Amino acid sequence: MLLPSLLRGAHLLRPCHPPRRHLSRLLDRYGFVPPASLTPTAKEISHGTGAAADQKRRTKKPPYRPPSSLDRGDRPASHSDLPFDFRFSYTESSPDAKPIGLREPKYSPFGPGRLDRPWTGLCAPAVDTTLRSVDAEDPAPAAEKDLEEARRRERERVLGEPLTPAERSFLVDKCQKNRTKRQINLGRDGLTHNMLNDIHNHWKHGEGVRVKCLGVPTVDMQNVCRELEDKTGGLIIHRHGGQLILYRGRHYHPKKRPVIPLMLWKPAEPIYPRLIKTTIEGLTVQETKEMRKKGLHAPVLTKLAKNGYYASLVSMVRDGFLADELVRIDCKGLPKSDYRKIGVKLRDLVPCVLVSFDKEQIIVWRGKDHDESIQDNMHKAFPSVLQLESAAGENEQEEASSESVAGENEHGEKEETSVDCSSDEWSEISSSDNVPDDK
């Protein structure tokens, strides 16, 4: 009992020391005295408080907002006098094909308030199709005819007199790959709306522009040539395979080019009816299944390469129908949308019936009403590429022999003969597949 009491007394007799302050010794070891210039005076302190108060009273600066192409401000909507409906693609979309619905609301691809034409989901029509009165007649057909006539007159005015053979050969040689790198590539989307602006930009620097066509649009090159001449107002003066030379015209002025509003994004494609139906028209379900199985085991007519040139495909399918009722085309490696578009073109151009797209194969049927006499007429109207090349070689030999005979006059001197073709004749040559390609 005594020991704890003694210990408590000893604890009370200890000397009291001040509490330790756990401060860093860095200040003692590395002392720093600020100079007088850094020590603020009372006047500077009062001045600083006033500036801070003024800064508080100022309105805050709005945050930086990057410029946007959608922000039009107070500018009005742009107007274009081009006399045709604006579409995303002029060669791969047909006005006759009616969709059954839209995938999204009707947002204009030109941007909100940028164009004075409404967007219908398919196109921006040049003629206002709004019905003003129930009793009034529809003014759209008459207005469309007036636009077509105005487009024809303007194109003839810009083209002017037809080119002579010497001028034509000079322009064609000037636009070849070894002379210039200016080229427009026409791919799976065909002739798009923004491509028109690119063509006019190339026409600032030269009278002709080279257009290279590959992929799906080359199945129907006649349509590509016709739409190029119609939408640009130019003239195709040379065609070799998928390569075209587009001439701007004698009276074309770059500063008076038409206003072409650009599409800011690709519009969503509408919904169309199904291409492959459960049963083919005129056949039962069992016959349709057997035909699809038979089509997958049919010999391959040809294999399509990605981004290839398919101008001879229609004539090959017509030749294949002379030997068998089913034709199979191998499309391995092609995107699904590509060989579906090719199938639609074959259905309309051959014509034929689509059977299946299974296993990346296009299987088409010639149909029950197939008539070989019709196919023969088709071959006469649309000869194959080999026939065109052989005919071109024979024509060149005949022309060379006739020139050599007619070129010598009575004095034995040779005279140069030239052929003068009008613009209409050159347009027919360029936009039809009946005439052989230029070599």
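Side-chain atoms are counted along with the backbone in the values below, which use heavy atoms only and exclude waters and symmetry mates. Remember, it's a predicted structure, so these values are computed and weren't measured experimentally.
In this structure the side chain of P217 reaches within 4.5 angstrom of the side chain of E92, judged on heavy atoms. Looking only at side-chain heavy atoms (C-beta outward), K106 and P118 stay at 4.5 Å or farther from each other. In this structure the side chain of L171 never reaches within 4.5 angstrom of the side chain of I245, judged on heavy atoms. In this structure, Y272 and V344 have side chains that are not in contact, with every pair of non-hydrogen atoms separated by 4.5 Å or more. The shortest distance between side-chain heavy atoms of S93 and L122 does not fall below 4.5 Å. In this structure, the side chains of K341 and V219 stay at 4.5 Å or more apart for every pair of heavy atoms. Between V364 and I362, the closest side-chain pair of non-hydrogen atoms falls below 4.5 Å. Between V314 and L346 there is a side-chain heavy-atom pair separated by less than 4.5 Å.
Closest of all the heavy-atom pairs between Y339 and C331 is CB-SG, 3.7 Å. Considering every non-hydrogen atom in both M291 and I280, the closest pair reads SD-CD1, 4.1 Å. For A166 against S169, the heavy-atom pair with the smallest separation is O-OG, 2.9 Å. Between C213 and V224, the shortest heavy-atom contact is SG-CG1, 4.1 Å. Across all non-hydrogen atoms, the minimal contact from L82 to P258 is CD2-CB, 3.5 Å. Between K277 and R292, the closest heavy-atom pair is O-NH2, 2.6 Å.
Distance alone, capped at 3.5 Å, places no donor-acceptor pair between the N185 side chain and the G187 backbone. A donor-acceptor pair under 3.5 Å links the side-chain atoms of Y309 to the main chain of G241, judged by distance alone. Here the side chain of R103 pairs no donor or acceptor atom with the backbone of A268 at under 3.5 angstrom. The backbone N or O of C175 lies less than 3.5 Å from a partner atom in the side chain of R210, making a donor-acceptor pair. Although no hydrogens or angles enter the test, the distance criterion places no donor-acceptor pair under 3.5 Å between the side chain of R188 and the main chain of G215. Panel note: side chain K359, backbone L296; no donor-acceptor pair is recorded below 3.5 Å. Here the side chain of S89 pairs a donor or acceptor atom with the backbone of D189 at under 3.5 angstrom. At least one donor-acceptor pair under 3.5 Å links the side chain of R248 to the backbone N or O of W203. In this structure, the side chain of Y310 engages the main chain of A305 through a donor-acceptor pair within 3.5 Å. A distance-only check finds a donor-acceptor pair linking the side chain of T91 to the backbone of L191 [under 3.5 Å].
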Applying salt bridge (Lys or Arg N to Asp or Glu O under 4.0 Å) to R250 and E167, what does each step give before you reach the verdict? CA-CA 11 Å; R250 291 185 183 273; E167 292 174 335; 2.7 Å; yes

Step by step, would you call Q176 with Q243 a side-chain contact (heavy atoms from CB on, under 4.5 Å)? CA-CA 10 Å; Q176 295 302 318; Q243 181 172 301; 3.5 Å; yes

For R152 and E148, what are the C-alpha separation, side-chain angles and deciding distance, and is it a salt bridge (Lys or Arg N to Asp or Glu O under 4.0 Å)? CA-CA 6 Å; R152 186 187 61 80; E148 291 179 1; over 6 Å; no

As a quick check of understanding, evaluate side-chain contact (heavy atoms from CB on, under 4.5 Å) for D330 and Q361, giving each step before the final call. CA-CA 5 Å; D330 190 2; Q361 308 289 317; 2.9 Å; yes

Tell me, with the steps shown, if V317 and L349 meet side-chain contact (heavy atoms from CB on, under 4.5 Å). CA-CA 10 Å; V317 173; L349 296 174; over 6 Å; no

Audit row: K231, R87, side-chain contact (heavy atoms from CB on, under 4.5 Å) steps and yes/no: CA-CA 11 Å; K231 298 302 183 291; R87 293 176 172 269; over 6 Å; no

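Ring geometry for H193 against Y90 counts as tilted: the plane angle lies between 30° and 60°, on a 0 to 90° scale. The aromatic rings of F110 and F86 lie tilted to each other, with the angle between the two planes from 30° to 60°.
Annotation: the span from D81 atom CG to L147 atom CG amounts to 10.0 Å, rounded to 0.5 Å. To the nearest 0.5 Å, atoms CG (L228) and CG (L186) are separated by 6.5 Å. Taken to the nearest 0.5 Å, the OG atom of S78 stands 9.5 Å off from the CZ atom of R117. Within the model, atoms CG of L115 and CG of L262 stand 11.0 Å from one another, a figure rounded to the nearest 0.5 Å. Remark: S356 OG to L275 CG distance equals 11.5 Å, nearest 0.5 Å. Expressed to the nearest 0.5 Å, how far OH of Y107 lies from CG of L102 amounts to 12.5 Å.
Residue E281 places its CD atom among 12 or fewer non-hydrogen atoms of other residues, nucleotides or ligands, all under 6.0 Å distant. Taking a 6.0 Å sphere around NE2 of H297, one finds it holds 12 or fewer heavy atoms contributed by other residues, nucleotides or ligands. With a 6.0 Å radius and a threshold of 12 heavy atoms from other residues, nucleotides or ligands, E360 has its CD atom above the threshold.
In summary, E149 and K145 do not engage in a salt bridge, as defined by a charged side-chain N under 4.0 Å from a carboxylate O.
Annotation: ring-ring contact (aromatic ring centres under 6.0 Å, His included) contacts of F88 (sequence neighbours excluded): none.
Annotation: cation-pi pair R151/F84 absent, no NZ/CZ under 6.0 Å from the ring centroid and within 45° of its normal.
Defined by atom type and a distance below 3.5 Å, a donor-acceptor pair is present between the side-chain atoms of N197 and R257.
Screening residues 282-291 for side chain to side chain donor-acceptor pair (under 3.5 Å), with sequence neighbours left out, gives no hits.
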